J.: 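The structure's right below; bear with me while I get my questions together.
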Amino acid sequence: MFLRFREDVIKTLGEYGDEKFLRESEHSDLASTVAFKLAKEMKKSPKEIADEIVEKIEVESDYIGSVESTNGYINFFASYEFLEDTISVILDEDENYGHLNAKGEILIEHTSANPDGPLHIGHIRNSIIGDTIARIFSKAGMDVKTHYYVNDMGRQVAITVLGVEKLGLKDKKPDHAIAEAYIGANRLIETQPELEEYVENLMLEYERGNEDIVSKFRKAVETALSGIRQTLESINIKHDEFIWESEFIRNGYVDKVIRDLEEKNLIKKEGAWTIELEELEKGVVVRRENGTTLYITRDLAYHLWKNENYNRFINVLGADHKLYASQLSKILMTLGLKPPEIIFFEFVSLPEGSMSTRRGKFISADELIERVKEETEKILADREMDEEEKRKISEAVAVGAIRFDFVKVAPEKPMVFDWSKALDFERQTASYIQYSHARACSILRKAVEEGMPDLDFRGELCTAEERKLVMVLSKLPYFIQRVIKELRPNVFAEYLLSVASTFNDFYRLHPVLRAKSELRMHRLAIVDATRIVLRNGLELLGIEPLERM
RNA sequence: GGACCCGUAGCCUAGCAGGACAGGGCGUGGGCCUCCUAAGCCCAAGGUCGCGGGUUCGAAUCCCGCCGGGUCCGCCA
C-alpha cells in the first residue's frame, strides 16, 4: 500500500520526483529533499524552492491527503482513504499480504558447509540469511529453489574418510560423530605424515570414480549431512536440493567448462592448467598436474549449470570467499556467462578467536539451540500450562531468538559470539515480536468470545498513534521490496520490530474491548490487521507466530 | 607487502543513493499490574558517530591519510 502512495508522490512531484530525494520521515509520511539539491543552480533558498514546488504541483492521488513545505522539505501526508484502503487490503489479503508482483524463478544457494562435522554458529549465520532471503523472495511472488552445495570432493572429506577407517564412528548425532573422526584423523596426520599420501590417493580415486572409494565417501558425507539436516530443520530451514560437487565431474559439466575455456584460449598448460586473465591478479589453476580438478573447476561447472537453468541465482557466502568469488565471477564473465549475485557476511568469532572445525574449536548450532531452549524452559517453568504447550512455546521462542539474533545484524558486520547475550531474554528479541502477536491474538480471541462485531476501520477516527500504526502496517510490501533489491534481510528484522513497538504504543493508550460500538469495531480492525502483519512478518523470518505465550 | 570489511554512550546495534534534534535495546536510577498477556510500558542520566585532514550552504554518511579489530592473497575448500 505504501508502495502506491510512494508512486503517487513521485508522480505528483513530476519533474521533481526523483526517488533519490524521497525520505521516510518523522515529520510526515514521505518527504522530498529536492529543494536542497536545486538551491544552488536556482540560486534560491531551499525554502523558497520548496514553497514554489508545493504551489505548482497538483495532487490527483486519492492517497495523498496534503502537501506542505517546511524548511525546504516537501512533506506529503497520506489521506484517510489511504489508511482505509490499507486496512481493508490487509484484512482481505490476509496471509498473502506482502506479496509483490515479482515473477520468475530464482535459485538461492546457502549454507553449503563442508560435510566434515556439525554446523557451528558461523555456518548458521549463512543459513539464516539465506533462508530468510528465500522466504522473502517467495513471498514477493517468485518461484524460489534452494540449494545446499555439498563439497564432497574436498581434502577434508578425504581426511574424514581416513578418520572413519582408522577410528570408526562413535554412537552420537551423526554430524558430531563425523567431526570427531575428522578431528582425530587430523591429529593422526600430524604424527604420521605418511598418511598425507594416502589422503591424496583417496581424493584421486574418488575423482576417478573408484567404486569402493566412492561408497566410502558417500557414506561419510551422507552421515554428516543427515546430522546437518536435522540441525537445519530444528531452526526451520529446509533445502529443496543437496547438489554434490562430484555430480559435475560425473555429468560432464566439468569437461564442458574446460572445453569452453580451451576454445577461448584461456588455458595455459604447463603441467597444471592455469587460467590467466588480465582482470585476475594471479593465475587460477583449474586442473592439477595429476589430472584432477579443483574446487573452482567444479564450481565453474555448477555455475554453468545455473546459467542454463536460471535467470537469477544468489549465493550466500562468508567474507573469506570474497577473492575466490571475484575470480569465479570474472572467469564466468569472460565465458559470456552470468556471475552469481552474492550476499557476503562477515565472520562469527568467539571471544577467544575464530572457530575451526579441524581443531575442534567451535560452538555447534546444536549446543546453542539446546542451551537457549533450556533458558526458555526456565522462564515458562511456573506458568499454568500443560507440559506439551510449554515445550512447544519454549522451542518456538528459542528458535525465534536465535534466528532473530543473527538476522538482525547487518551481514557486513563481524559478530563476536557471547553466551551471556545469547541466553539473555531481557533483551529485545524475537520474543518481543512474538509476544506482541500473542497479545493481538488474545484481544481478538476475547472479542470472538463476546461475539465478534463486523470490523469497520474509519480513517477519521484515528488517533495519532493509530494513524502511525496503520502507516507502519502499510509498509510490509515496501520492506519486502527493499530486501529483494538490497539483499539485506536485517532491514526486515528492523521493520518487524518497529511494527511490534508501534503496536505496543497503541495498546498502552487505546482500550479495544472496552471501547464503545464504532470505536471498538475500528480498533478491532487495527488489531486484526496488526496481527496479520506480525504473523506474516514472523513467518518470513522463519519464526513461529505464537498465539499464546 | 597488496586487497576487502568493520569501528556509533559501559555493552550490543540502526541510520551510510549528504539534509529537520544520531534512532533502538541491554545495563544503571526512578515509576506503572482492582484495567484487553508486566516476555509489557513510562521517565531520567549516558554520545568528541575511532583519530586527523578535505569536498560541501550542510558530513555518522562522500574523498584522502592514520590507528584499532577481522578476513583473504595454495596444483586447499
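Labels below follow one simple rule: chain letters A, B, ... track the order of the sequence lines, proteins then strands, and each chain is numbered from 1. On a predicted model such as this, the values are computed, not experimentally measured, just so you know.
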J.: Can you give me every donor-acceptor pair (side chain of residues 32-39 of chain A, partner residue at least two apart or in another chain, under 3.5 Å) with its distance?
T.:
{"from": "A/S32", "atom 1": "OG", "to": "A/V34", "atom 2": "N", "distance (Å)": "3.2"}
{"from": "A/T33", "atom 1": "OG1", "to": "A/F21", "atom 2": "O", "distance (Å)": "3.4"}

J.: Among residues two or more places apart or on two chains, list those pairs meeting salt bridge (Lys or Arg N to Asp or Glu O under 4.0 Å) that have a residue in residues 339-354 of chain A.
T.: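 Every pair satisfying salt bridge (Lys or Arg N to Asp or Glu O under 4.0 Å) with a residue in residues 339-354 of chain A: A/R312-A/E341.
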
J.: If the condition is side-chain contact (heavy atoms from CB on, under 4.5 Å), which residues does A/S349 pass it with, not counting sequence neighbours?
T.: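 Partners of A/S349 by the side-chain contact (heavy atoms from CB on, under 4.5 Å) criterion, ordered by chain and then number, come out as A/V416.
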
J.: Hey, what are the protein-to-nucleotides 58-63 of chain B N/O distances that come in under 3.5 Å?
T.:
none

J.: Under a 3.5 Å cut-off for both distances, is B/rA39 Watson-Crick or wobble paired, and to whom?
T.: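 Looking at the geometry, B/rA39 pairs with no nucleotide.
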
J.: Could you work out, with ring-ring contact (aromatic ring centres under 6.0 Å, His included) as the rule, every residue matching A/F492, not counting sequence neighbours?
T.: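 Partners of A/F492 under the ring-ring contact (aromatic ring centres under 6.0 Å, His included) test: A/Y495.
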
J.: Base contacts versus sugar-phosphate-only contacts with protein, heavy atoms under 4.0 Å: please encode nucleotides 6-12 of chain B as B, S and - from 5' to 3'.
T.: SS---SS

J.: Let me have a per-nucleotide readout for nucleotides 72-77 of chain B, 5' to 3', with B, S or -, counting only protein heavy atoms under 4.0 Å.
T.: SSSBSB

J.: Could you work out, with side-chain contact (heavy atoms from CB on, under 4.5 Å) as the rule, every residue matching A/T274, not counting sequence neighbours?
T.: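 Listed in chain order: A/E276, A/V285.
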
J.: Could I get the full list of side chain to side chain donor-acceptor pair (under 3.5 Å) partners for A/S394, not counting sequence neighbours?
T.: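 Residues passing side chain to side chain donor-acceptor pair (under 3.5 Å) with A/S394: none at all.
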
J.: Using a 4.0 Å heavy-atom cut-off across all strands, classify A/T292 as base, sugar-phosphate, or nothing.
T.: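 Answer is nothing: A/T292 stays at 4.0 Å or more from every strand.
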
J.: Please, which pairs that meet salt bridge (Lys or Arg N to Asp or Glu O under 4.0 Å) have at least one residue in residues 67-77 of chain A, sequence neighbours excluded?
T.: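 Passing the test, one end in residues 67-77 of chain A: no pairs.
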
J.: At under 4.0 Å between heavy atoms, what does A/K322 touch on the DNA or RNA strands: base, sugar-phosphate, or nothing?
T.: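 Sugar-phosphate contact only - A/K322 comes under 4.0 Å of backbone atoms but never of a base.
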
J.: Going by side-chain contact (heavy atoms from CB on, under 4.5 Å), name the residues that satisfy it together with A/R482, two or more places apart in sequence or in a different chain.
T.: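 Residues passing side-chain contact (heavy atoms from CB on, under 4.5 Å) with A/R482: A/E24, A/Y478, A/F479, A/E486, A/V491.
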
J.: With heavy atoms under 4.0 Å as the rule, sort A/H510 into base, sugar-phosphate or nothing.
T.: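 Answer is base: heavy atoms of A/H510 come under 4.0 Å of a base.
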
J.: Looking at A/A301 and A/F248, what are the two nearest heavy atoms and their distance?
T.: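 So the minimum-distance heavy-atom pair works out to CB-CB, 3.9 Å.
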
J.: Can you list everything that forms a side-chain contact (heavy atoms from CB on, under 4.5 Å) with A/P545? Sequence neighbours excluded, please.
T.: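 So A/P545 forms a side-chain contact (heavy atoms from CB on, under 4.5 Å) with A/H437, A/R535, A/L538, A/E539.
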
J.: If you look at every strand shown and take non-hydrogen atoms under 4.0 Å, does A/L546 touch a base, only sugar-phosphate, or nothing?
T.: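 A/L546: no heavy atom of the nucleic acid under 4.0 Å.
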
